[in-house]
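The analysis underlying the following values was restricted to heavy atoms, covering all of them including side chains, and did not include hydrogens, waters or symmetry mates. In the text below, chain A, chain B and the rest are named by the order of the sequence lines, each starting its count at 1.
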Amino acid sequence: MRTAAFASRNTKEILRDPLTLFFGVGFPLVLMVLLSAINAGIPQHAAMTMFHIEKLAPGISVFGLSFLALFSSMLIAKDRSTSFMLRLFTSPMKPSDFILGYVLPILPMALAQSAICYLFALFYGMPFGVPLLAAVAVNLPIAIFFIALGLLCGSVLNEKAVGGICGALVTNVSAWFSNIWFDTAMVGGVFQKVADVLPFSHAVNAARAAAAGDYAAIFPDLWWVIAYAAAMLAAAVAVFSVRLKRN
Amino acid sequence: MRAEAIKAIGLTKRYKDKTAVNHLDLTVYQGELYGLLGVNGAGKSTTIKMLSCLTKPTEGDAVVMGNSVTANPGEVKKILNVSPQETAVAPKLSVRENLIFIAEVYGFGRAQARQKADEMIDAFGMQEVAKQRAGTLSGGWQRRLSIAMALISEPQVLFLDEPTLGLDVLARRELWKTIRQLKGKVTIILTTHYLEEAEALSDRIGIMAKGRLRAEGTAAALMQPLGVDNFEEAFILLSGEGTE
């Protein structure tokens with residue numbers, strides 16, 4: 001009940017902030033338009049498939065989810081800076097009520113964002129079919145990872161710092177090591193090793209496999225993401241518990 | 001003999017090199033409005049934080065309506081509520097939504113929470129702003145909402161931290177009226193820098209300095225032995241260095 005009440009409050013806070021909705025839905029679509037235009041200008045003999053819509057749409061849908069880290073971190077950091085949080089800290093709410101209350105309202109937004117991204121991709125020739133539903137479903141644990149990462153950052157950093165960390169660092173790192181904009185294997189060496197350890201390229205590989213209907217190829221990569229998501233959630237709850245006690 | 005609502009024994013909070021509250025013994029009776037005064041850094045806020053389970057005492061303990069803040073903070077949290085000093089409302093929620101939210105957090109079901117919210121809106125005369133977003137309210141309305149949010153859980157103990165800070169004289173008097181109506185029904189600890197407010201509202205006043213309770217009693221009882229005829233004089237004498 002407490003979790004549901006807090007989740008409902010956070011849903012209203014998010015939906016009543018139009019800037020959040022723009023970045024959540026609008027920005028990935030703008031990227032798709034731009035990169036599809038670039039792709040149209042690449043000669044076929046160059047054999048450059050990175051920006052083909054079948055690869056681009058899953059990549060951008062995952063990249064769009066990286067903004068959830070910014071939303072969730074801002075939401076929690078903003079709350080922490082006010083007496084409203086102090087009021088809630090004196091209430092019977094538990095750390096898990098707080099964390100779930102932040103995660104649950106952002107999940108439908110993540111699914112809607114992914115669905116809109118794939119619907120938009122249909123206009124650029126993305127094949128329509130069941131694999132697209134699978135691709136949206138695969139984005140769920142990826143979304144949980146990014147939300148939890150944001151909550152972890154928002155639990156330890158102030159409002160200004162999370163803007164820099166989650167707004168710039170996380171989105172950039174997730175872009176570099178993701179296989180969306182370039183193949184990390186082309187860079188090779190340590191860069192590729194780091195990319196293989198981090199969850200970002202695995203997330204994009206799983207989304208691409210799902211969108212292509214290659215279901216057998218989803219899970220080796222998605223396990224990485226699920227493991228990271230679980231670890232981030234546990235860390236967020238643990239850090240928030242400490243914050244609650246130390247306030 | 002009156003029943004005790006809060007009993008603190010040897011309550012102490014130490015930070016690295018500073019003792020914020022030093023072996024505080026304090027008793028507040030049920031239904032009493034207790035004014036906790038002191039200059040900045042006297043230890044009032046830390047005391048309130050310990051009593052409301054926001055921070056753990058380094059030493060000592062306090063019992064709130066029979067529950068220890070160290071051994072059973074979960075139970076203490078169910079029976080108290082706080083109206084913090086700064087705006088403590090969700091700015092994008094309406095007045096009614098804020099009230100429903102807090103009622104649900106304290107365990108009321110959806111239907112009951114709505115009913116309680118309507119009752120608080122009536123009791124605090126907030127009908128005209130009920131649908132307005134809290135962030136757009138004036139300071140006076142926000143304070144009133146903040147106190148209504150603290151009361152909607154039907155707390156047995158209520159902490160009011162600077163409830164009228166920054167309000168104009170009319171809004172302040174309105175809020176005083178509301179607070180007076182609570183006397184006898186809820187045990188209230190009031191912290192304020194407005195001495196006339198403490199004098200006007202409190203049944204008893206405790207004055208803290210350097211983490212200790214320096215004096216306690218009614219405003220008249222505090223003034224009388226000092227031979228002063230206004231409370232401000234008494235406060236200055238009791239909270240200053242000269243009483244060490």
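- Contact of the B:I102 side chain with the A:L88 side chain is registered, since non-hydrogen atoms from C-beta on lie closer than 4.5 Å.
- To the nearest 0.5 Å, atoms CD1 (B:I100) and CZ (A:R9) are separated by 15.0 Å.
- Put simply, the side chain of A:R87 gets close to the backbone of B:V82: a donor and an acceptor are under 3.5 Å apart.
- Test B:P84, B:C53, B:S52 against A:T90 for side chain to side chain contact (heavy atoms under 4.5 Å, CB included) and you get one pass: B:S52.
- The part of B:N81 that comes within reach of chain A is its side chain, from C-beta onward, which places non-hydrogen atoms under 4.5 angstrom from that chain.
- Side-chain N or O atoms of B:K92 include none that pairs as donor or acceptor with a backbone N or O of A:N10 at under 3.5 Å.
- Checked against side-chain hydrogen bond (donor to acceptor under 3.5 Å, both in side chains), B:R96 has the following partners two or more places apart in sequence or in another chain: B:D118.
- The CE atom of A:M93 sits 10.5 Å away from the OH atom of B:Y106 when rounded to the nearest 0.5 Å.
- Contact of B:P91 with chain A is made through backbone and side chain together, with heavy-atom distances under 4.5 Å.
- Neither the backbone nor the side chain of B:A103 comes within less than 4.5 Å of any heavy atom in chain A.
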ask   = Checking side chain to side chain contact (heavy atoms under 4.5 Å, CB included) for the pair B:M149/A:F84: CA distance, chi angles, key distance, verdict?
value = CA-CA 11 Å; B:M149 286 164 74; A:F84 182 69; 4.1 Å; yes
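- If you measure heavy-atom distances from B:S153 to chain A, you find no contacts under 4.5 Å at all.
- Side-chain contact check for A:S8 versus B:E97: every heavy-atom pair is 4.5 Å or farther apart.
- When the shell of 6.0 Å around CH2 of A:W181 is examined, it contains more than 12 heavy atoms from other residues, nucleotides or ligands.
- A:K78 NZ: 12 or fewer foreign heavy atoms inside a 6.0 Å radius.
- Applying the side-chain hydrogen bond (donor to acceptor under 3.5 Å, both in side chains) test to B:E104 and every residue at least two apart in sequence or in another chain returns B:R110.
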